[in-house]
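Everything on this sheet refers to the single structure shown next.
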Amino acid sequence: MRPVIVQMDGSILLDVHHPQVEAARQVLAKFAELEKSPDHFHTYRVTALSLWNAAAAGHRAAELIEQLKTLSRYELPLPIVRFITETMDRYGILELRKGQHGLILASSDPLVLTEITHHKTIQGLVRKVLSDSAIEVPLLSRGAIKVALTKMGYPVKDLAGYTEGQPLSFALKRHLSDGRSFFLRDYQERAANAFHEGGALTGGSGVLTLPCGAGKTVIGLRAMELLQTSTLILAANVTAARQWIRECLDKTTLTEEEVAEYSGESKRTAPVTVATYQILSYRPRGQEDFPHLTLLSEHNWGLIIYDEVHLLPAPVFRVTAEIQARRRLGLTATLVREDGREDEVFSLIGPKKFDAPWKELEAEGWIATAICTEVRVTLTDIERRLYAQAELREKARIAAEAQRKDDAVVELVTRHKDESVLVIGQYVDQLQRIAARLNAPLITGSLRQKERERLYSAFRTGEIHVLVVSKVANFSIDLPDASVAIQVSGAFGSRQEEAQRLGRIMRPKAEGMLAHFYTLVAKETKDQEFALSRQRFLTEQGYEYQILDQEELVLQEVTQRQ
DNA sequence: TAGCTGGGAA
DNA sequence: CATCATCCCAGCTA
C-alpha cells in the first residue's frame, strides 16, 4: 500500500498515517497545493501556477510524474499525467528577449503565437509581428504582457535582462559592533543564491518563502551584497521599514548617510532607501498622479525588495508592471493571497525561487517546535437560538465571540501560568471581555504607541505574563515573543493570518521547551469552517492540529494536577 | 519645530 | 464576510 491516491478530477489524496508520509509530502510540495486537511487524508490539488513554479525551478514533468508514480497506490489517471505534462511544457514556449527596438516575444510554437496575436488584450500590447515565431513588444508593455499571457495560460520566460542600477559597494559584516560574530545560516545562504543564480538573465526576479523568524531581512541584505547596487526596499509599515534600516546599519558596512527612510515622517532618499507600500500608493485627493512614486521612480535602482510580498497592494502591482527592467526580490512567509492574485505576483515579481519548509527549520533548531491544538467549545443555549435566527453574516460573529471561549482561555492561561501567553483575537468587544476576566492588559489599534511599548517591555521582562492583543499582532513586528499563543477568533479563513500568529511563538525555546498554539473554535458553526480553512497553510507545512473538546481540556487539567 | 488628533483611503 | 488595522496628511497647540 502506497501513501498517495491520484484521482480523476485532479485532486491528490495523501494518507497521513502512512509511514512514508513525510517523503510523499516533500514530493507533492514541489508541484501541488494543499486544499483540505481533514483527519486521515489530506487533499492536494495540482494547479497551473503550482506547475509553472515547479517548471521555473527547473523540475521536469517527466521527473515529477515518475516520483508521483512511485508514491501512487494505483495507476496514475491519464488525464492528470497529460495535464501535468502539457501545463509544464507551456512554460518556456514563450520567451521575452531584448530586441533592437524594444522587446522580442519569441515562440517555439508558431500556433501559440497565432493564437495569442488574435487575442484582444494582447493586440493592444504588441508593436508589430516580425515573423511567424516572433513579435515585437514595446519596453513598457513588459509587465502587462506577462500578466496577460499568464492569465491566458502561457507563462512567459523573461530573458530580457535588467538595468544594472547605480553601483554601491558595501559588505556584510563578520563581526557586529557589540562583538558578536555574524554568519549566514546555511538555508539563508541557499535562499540568497537561489535568487541570484542564473546570471544576468534569470537571476533577477523571484520570490523567497520562509517562515516568520527565519531571518528574511538577512537574506535580503545578502542579495543586496551579491548585486552591489542601489536598492529600494518596500515594507508593509513604518516599524518594518525601520527594522530594515537598523539591520542595514547593524549588519552591513553601509553608513547612516547611505540608508534612508522614505515615509510620512521622513522623506530622505539614499542609495538604500526604505519606503512603505502606502506612501507609494498615496495620491492627493482628486489628483491623477502619485507624487512619491514619481519621485522614487527617478532613481536608478538596481534592485527592489518587496518585504511581505503577499501584502502587495493593488496600485503597487501597477507600478511593478512598469519597472520590469529592475531586479525584483519578493520575501514572504506565505505566498497565498486571499484575493487570489498569486498569478500576478508570479508574473510581475517572478517565480518562487526558494521555499524553506517550516518543519525542516524546526528540526534544525532555528525555529521552535510547536504543538497546535484546536479547542472546540459549544454555544450556549441562548447563542444557539440567536445563531439559528441570524443572517449569514451575523452567524460568523456570534460563533466567533462564543462565550464559552472565555472560559477556555482562562483554563489555558492557568495551565500555562509560568509561561508568556499572548491572547489574539479579531473583535475588540470580545477581547475587552477576556482581558477583564484575565485581569490582563489589552492592546488594540487605538492604544497609542508609547503605551504599547511600555506593555511590550513589561511583557518582555516577565513583569506581566499575559497580553491580550487585537489585529495589531498581525502587523507589529516589535511585539515580543511568547511561548503560548491562544487565538480566540480570526479573519474569515485567512491562512496568512494564521501563519503570522503562529510566527509569534516561533523563536527558538530553551532546551526541551515547546511552543503552544491554541485556536478556539465554536463547534458546528461557521467558525469551524473558517478555522479549517485557516489551518490549511500550516498543515501544508507539516503541522498537525490536535483536536480537543472543552470538557477534555478541563479533565486534562485535573489529571495533570493529581 | 515637535507632538498630538482626526479624517480619509484602500 | 465585515471588522479592524494601517498610514499619510492637515491642522492644531505650545
Side-chain angles (χ1 to χ4, degrees), chain A residues 233-244 261-268 274-296 307-308 310-320 337-341 344 387 390-401 422-435 442-453 468-479 487-498 500-501 504 521-522 525-534:
Chain A
I233 300 166
L234 302 177
N237 57 43
V238 261
T239 323
R242 287 181 192 152
Q243 168 94 352
W244 273 95
E261 169 184 331
Y262 194 92
S263 71
E265 268 177 63
S266 158
K267 297 280 186 300
R268 211 163 67 80
V274 190
T276 55
Y277 284 132
Q278 246 166 309
I279 204 160
L280 283 194
S281 30
Y282 176 74
R283 177 162 51 170
R285 273 149 49 79
Q287 280 190 38
E288 279 281 285
D289 52 331
F290 300 79
H292 301 301
L293 171 66
T294 312
L295 190 131
L296 287 173
D307 190 20
E308 310 290 357
H310 59 281
L311 297 174
L312 209 66
V316 182
F317 271 118
R318 270 209 305 279
V319 182
T320 307
R337 296 177 63 100
E338 310 307 327
D339 66 1
R341 297 179 80 161
E344 289 186 45
Y387 188 85
E391 303 234 4
L392 202 64
R393 62 169 178 272
E394 283 174 78
K395 277 185 161 58
R397 178 127 191 193
I398 295 171
E401 296 201 273
L422 285 174
V423 179
I424 312 175
Q426 162 95 339
Y427 302 102
V428 172
D429 296 348
Q430 177 187 32
L431 293 171
Q432 275 166 346
R433 249 170 33 210
I434 291 174
L442 166 68
I443 299 180
T444 68
S446 59
L447 194 75
R448 42 168 129 304
Q449 209 61 45
K450 266 259 160 66
E451 194 59 12
R452 287 188 208 184
E453 274 160 30
V468 183
V469 291
S470 70
K471 265 174 86 163
V472 291
N474 294 9
F475 300 96
S476 67
I477 50 164
D478 48 357
L479 182 65
Q487 172 170 253
V488 294
S489 52
F492 169 80
S494 167
R495 289 168 277 176
Q496 109 33 38
E497 183 175 270
E498 187 104 338
Q500 293 280 356
R501 290 177 170 178
R504 286 289 157 214
V521 176
T525 65
K526 295 256 116 204
D527 213 29
Q528 204 162 352
E529 274 171 52
F530 295 167
L532 195 66
S533 148
R534 282 201 303 268

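What you see is a predicted model, and the numbers here were worked out from it, not measured in a lab. Residue numbers start from 1 in every chain, and the chains themselves are labelled A, B, ... in the order their sequence lines are given, proteins ahead of strands.
- Atoms CG (A/Leu392) and P (C/dT3) sit 14 Å apart, rounded to a whole Å.
- In summary, contact between chain A and DNA chain B, defined as any nucleotide atom under 4.0 Å from a heavy atom of the protein, begins and ends at B/dT5 to B/dA9 in the 5' to 3' direction.
- Partners of A/Ser489 according to the side chain to side chain contact (heavy atoms under 4.5 Å, CB included) rule, which considers only residues two or more places apart in sequence or in another chain, are A/Ala400, A/Gln426, A/Tyr427, A/Gln430.
- A/Glu497 places a side-chain N or O within donor-acceptor distance of the main-chain N or O of A/Ala491, the cut-off being under 3.5 Å.
- In this view, A/Tyr277 satisfies the ring pair (Phe, Tyr, Trp, His ring centres under 6.0 Å) rule with no residue, not counting sequence neighbours.
- Residues meeting the side chain to side chain contact (heavy atoms under 4.5 Å, CB included) test with A/Ala240, sequence neighbours left out: A/Ala235, A/Asn237, A/Asp307, A/Ile477.
- With rounding to whole Å, A/Lys526 atom NZ is found 9 Å from C/dC1 atom C1'.
- Going from atom CD of A/Glu497 over to atom C1' of C/dT3 covers 11 Å, rounded to whole Å.
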Do any side-chain atoms of residues 443-452 of chain A form donor-acceptor pairs under 3.5 angstrom with protein atoms, and if so which ones, sequence neighbours left out?
from: A/Thr444; atom 1: OG1; to: A/Ser446; atom 2: N; distance (Å): 3.4
from: A/Thr444; atom 1: OG1; to: A/Ser446; atom 2: OG; distance (Å): 3.1
from: A/Glu451; atom 1: OE2; to: A/Arg454; atom 2: NE; distance (Å): 3.4
from: A/Glu451; atom 1: OE2; to: A/Arg454; atom 2: NH2; distance (Å): 3.0
from: A/Arg452; atom 1: NE; to: A/Leu447; atom 2: O; distance (Å): 3.0
from: A/Arg452; atom 1: NH2; to: A/Gly445; atom 2: O; distance (Å): 3.0
from: A/Arg452; atom 1: NH2; to: A/Leu447; atom 2: O; distance (Å): 3.4

Under 4.0 Å protein heavy-atom contacts per nucleotide of nucleotides 4-14 of chain C, with B for base, S for backbone only and - for none: BSBBSS-----
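- Applying the side chain to side chain contact (heavy atoms under 4.5 Å, CB included) criterion to A/Glu265, with sequence neighbours excluded, gives A/Arg242, A/Glu261, A/Ser263.
- Scanning for salt bridge (Lys or Arg N to Asp or Glu O under 4.0 Å) contacts around A/Glu308 gives an empty result, with sequence neighbours left out.
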Side chains of residues 526-534 of chain A: which donor-acceptor pairs under 3.5 Å do they make with residues two or more places apart or in other chains?
from: A/Asp527; atom 1: OD2; to: A/Lys405; atom 2: NZ; distance (Å): 2.8
from: A/Asp527; atom 1: OD2; to: A/Ala522; atom 2: N; distance (Å): 2.9
from: A/Gln528; atom 1: OE1; to: A/Glu524; atom 2: N; distance (Å): 2.7
from: A/Ser533; atom 1: OG; to: A/Gly493; atom 2: O; distance (Å): 3.0
from: A/Arg534; atom 1: NE; to: A/Glu498; atom 2: OE1; distance (Å): 3.0

